[in-house]
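Shown next, in structure tokens, is the structure this report addresses.
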Amino acid sequence: MLEVKELETHFFVYEGIVKTLNKIDLTIYKEETLGIVGETGCGKSVTALSILRLIPSPGKIVGGKILFEGQDLLKKEKEKMRKIRGNKISMIFQNPTSSLNPVFTVGDQLTAVIRNHQKVSKEEARKRAIEMFKQVGLPDPRRTLQKYPHELSGGMQQRVMIAAALSCEPSLLIADEPTTALDVTIQAQILNLMEGLKEKLKTSILLITHNLGIVAKICDRVAIMYAGEFVEEAPIEEIFGNPKHPYSKGLLESIPKVTQKGKLETIGGTVCDLLDPPSGCRFHARCPSSMEICQKERPGQTKIGKNHFVFCHLYNS
Ligand code: SF4
């Protein structure tokens, strides 16, 4: 459904050029949930915003292709791209409070979204909004439509955002840390809701998170990102049972376990400066298996198993 090829997004700041995405490749198949995992600042959200062509200034997509249902989104005119957003690809953001407009009722906002993308009357849009509120499990949909965002809890606000994102039945839903701002029990409800709606509406999901527990719960495949590049991509059982890249291994070892005694494992060092990234493998200064070649050459993709790919010189034949 979506194929990202050699995508490069840079930010042109006073100090120089921040090379946030460095020629990344990514594929999302129909009706699957793909998780993108990585530390804060590794480029996960920039990947999502690049797909929707919503990169804020001073950022710019400087190279690559984003093929959605066979057509390059980077070549679409602004108006056509606006129609794709919401109709075909929707996005849910991390913080529902800042995504909703505080001076309009949630009903007004949802019906406006529906009418922006579908040629329906106000009454039709209202009926559709009530139907969507029922689907996302909001209580008393008719009354909830008349409420302002501040009258709803964080979990209810995120349900409104999911209703808005899915109201036009998009083929792809991008969810950027959709549960980070919510408490744990509400997180589980929202994840169950997304899973249920995915089954019902046959939508593909691109889930961005730093939480491997969430990935294990709802993703089919996962792509692990480090400093603006993907380092490993695999089905969920492979990543948890047979991780290959030293960074993926470090990430999995750093998850706290119930039986944990003593100190947690950590990955030594700090993330490289994207204003002046190192040559070769961007992880080489922190990697316990680093070799001479790692400082000079960027590792290419190696196939390890079925749908399991790794970018590391350790696996180059
Ligand atoms: Fe480590 Fe080299 Fe592999 Fe990078 S390419 S992860 S430095 S072994």
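Counting convention: from 1, in listed order, for ligands and their atoms alike. These numbers were taken from a predicted model, which means no experiment stands behind them. Residues take their numbers from the sequence shown, with the count starting at 1.
Between Glu233 and Arg221 a salt bridge is recorded (basic side-chain N to carboxylate O distance below 4.0 Å).
Excluding water, every protein N/O/S atom under 2.8 Å from atom 4 (Fe) of ligand 1 is given here by residue and atom: Cys281 SG.
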Handout entry: Worked verdict on Tyr29 versus Leu34 for side-chain contact (heavy atoms from CB on, under 4.5 Å)
Key = CA-CA 9 Å; Tyr29 301 104; Leu34 173 73; over 6 Å; no
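Pairing each heavy atom of Phe311 with each of Phe230, the nearest pair is CD1-O, 3.4 Å.
Counted within 6.0 Å of NZ on Lys88, heavy atoms from surrounding residues, nucleotides or ligands total 12 or fewer; the atom is thus considered open.
Here Ser248 contributes atom OG and Ile224 contributes atom CD1; the two are 3.5 Å apart, rounded to the nearest 0.5 Å.
For the pair Asp220 (side chain) and Glu32 (backbone), a donor-acceptor distance under 3.5 Å is absent.
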